[in-house]
S.K.: 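The structure is given below, and queries will be raised subsequently.
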Amino acid sequence: MPIPIPILQGLKLFDQLPTQRLDELSRTLSERRVQRREVVVKLGDRDGGLGLLIEGRLQSVNFTLDGKEVGTGFVDAGDFFGELSVIDGRPAPEYVIAVAPSRIAVLDRDRARELMFSTPAGAAAVAMRLAQRLRESAAHKAVLALPSSFQRVCAQLTTLARPACDDGTLRIHVPPTHQEIAIMINTSRETVTRTLQYLLGMQVLERDGPDLVVKKPELLRQAVDGALAPVR
């Protein structure tokens, strides 16, 4: 069954394509629904094609030499994944796992390469995605270099937060679970829970439905720098 064109228009790689081209693509895409914790891409896969996330959330994951699971980034609705293997033809460099029930469309490698590089808009979308990956990787390395788990949790929260309104507060829309944050920063779920409880108690954070609001961004930055920490 073809994927409706309005849905394709909401995907970053397709949002500049004419309706006729979208109609053609809608008939070649295969759709897949996955449940939470289901593996979408396996490390080493060679023929996964280009994935497009229609709804849900995915997390890219790898493992350290001692077997610890480490998250390397998230894929949010509207974004695409698997572009590295499409570009260079090499195996997938990491796992991609669903962290929420998700709906995925997959475009085979040959059609994906043609779409990526046949138009300026497609090439620009891929370049922006790769630039985003590099920036996220640099930020992730900086977080992992912090000396304490408390600092790393706080730093990860700052990378997730976005400006909310003119009053200077920040918002984390539908934040990852405590376990998902833990594997991003190489710590335990319990440590993440304790840190969030402390920040909520200090009114640095506030819950607003499914979101977290950073009410005191300056105190969160102090926590990242080590100037604010729980009394032991």
Side-chain angles (χ1 to χ4, degrees), residues 1-62 71-140 159-160 162 173-174 176 180 210:
M1 180 177 178
I3 300 174
I5 288 176
I7 290 178
L8 297 183
Q9 289 172 328
L11 302 175
K12 290 180 181 178
L13 196 58
F14 294 163
D15 57 0
Q16 300 297 317
L17 293 179
T19 302
Q20 182 179 353
R21 184 74 172 100
L22 290 173
D23 184 59
E24 295 170 0
L25 284 168
S26 73
R27 301 174 190 280
T28 62
L29 289 163
S30 59
E31 187 176 336
R32 177 183 173 191
R33 292 180 182 269
V34 294
Q35 299 304 310
R36 184 176 181 276
R37 299 306 297 171
E38 187 172 343
V39 175
V40 177
V41 176
K42 292 182 180 179
L43 174 70
D45 276 355
R46 288 183 174 273
D47 54 359
L50 183 72
L52 304 118
L53 183 58
I54 297 172
E55 60 185 48
R57 175 184 271 173
L58 311 176
Q59 186 174 31
S60 52
V61 174
N62 216 323
T72 57
F74 290 99
V75 181
D76 292 311
D79 210 345
F80 55 90
F81 58 96
E83 70 279 4
L84 292 180
S85 293
V86 170
I87 292 170
D88 63 16
R90 298 177 63 186
E94 58 198 359
Y95 290 91
V96 177
I97 297 173
V99 293
S102 300
R103 182 182 174 194
I104 297 162
V106 179
L107 188 64
D108 68 79
R109 182 174 180 269
D110 290 341
R111 287 191 178 94
R113 282 183 63 85
E114 189 273 332
L115 178 65
M116 285 177 170
F117 302 119
S118 64
T119 67
V126 174
M128 288 297 293
R129 182 68 177 103
L130 294 176
Q132 180 186 358
R133 269 180 169 266
L134 289 172
R135 289 184 180 276
E136 288 175 351
S137 177
H140 189 217
T159 66
L160 296 170
R162 299 290 181 269
H173 178 60
V174 191
E180 290 159 9

S.K.: Please examine the side chains of Leu29 and Leu52, heavy atoms only from C-beta on, and report whether any two atoms are closer than 4.5 Å.
M.R.: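 Counting from C-beta outward, Leu52 and Leu29 do come under 4.5 Å.
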S.K.: For Arg21, is there an ion pair with Glu24 - N to carboxylate O distance below 4.0 angstrom?
M.R.: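 Salt bridge present between Glu24 and Arg21.
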S.K.: So, taking the atom named CD1 in Ile104 and the one named CD in Glu55, what distance separates them when rounded to the nearest 0.5 Å?
M.R.: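 Ile104 CD1 to Glu55 CD: 10.0 Å, rounded to 0.5 Å.
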S.K.: I want to check something: taking the side chain as every heavy atom from C-beta on, are Met116 and Arg129 in contact at a cut-off of under 4.5 Å?
M.R.: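 Of all side-chain heavy-atom pairs linking Arg129 with Met116, none is under 4.5 Å.
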S.K.: How many angstroms lie between CG in Leu22 and CD in Gln16, if you round to the nearest 0.5 Å?
M.R.: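 Reported value, rounded in 0.5 Å steps: 10.5 Å.
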S.K.: Is the shortest side-chain heavy-atom distance between Gln9 and Asp15 below 4.5 Å?
M.R.: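 No - every pair of side-chain heavy atoms lies 4.5 Å or more apart.
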S.K.: Which value, rounded to the nearest 0.5 Å, describes the distance between Leu8 atom CG and Leu17 atom CG?
M.R.: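 So the CG of Leu8 and the CG of Leu17 are separated by 9.0 Å.
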S.K.: Whether Asp45 and Lys42 form a salt bridge (side-chain N of Lys/Arg under 4.0 Å from carboxylate O of Asp/Glu) is what I want to check.
M.R.: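 Between Asp45 and Lys42 there is no salt bridge, as every charged N stays at least 4.0 Å from the carboxylate O atoms.
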S.K.: Taking the side chain from Ser85 and the backbone from Arg90, do they hold a donor-acceptor pair closer than 3.5 Å?
M.R.: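 Between the backbone of Arg90 and the side chain of Ser85 there is a qualifying donor-acceptor contact (under 3.5 Å).
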S.K.: So, are Lys12 and Glu83 salt-bridged, with charged N and O less than 4.0 Å apart?
M.R.: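 Salt bridge absent between Lys12 and Glu83.
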S.K.: If I take atom CD1 from residue Ile54 and atom CG from residue Asp79, how far apart are they, to the nearest 0.5 angstrom?
M.R.: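 One finds 13.0 Å between CD1 of Ile54 and CG of Asp79.
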S.K.: Can any side-chain N or O of Ser26 pair as donor or acceptor with the backbone N or O of Pro4 at less than 3.5 Å?
M.R.: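 Side chain of Ser26 to backbone of Pro4: no pair is present.
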S.K.: Mind checking the CG-CZ spacing from Leu11 to Phe80? Nearest 0.5 Å is all I need.
M.R.: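 One gets 10.0 Å once the value is rounded to the nearest 0.5 Å.
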S.K.: Would you say the side chain of Ile7 lies within less than 4.5 Å of the side chain of Arg103, judging by non-hydrogen atoms?
M.R.: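 Yes, at least one pair of side-chain atoms sits under 4.5 Å.
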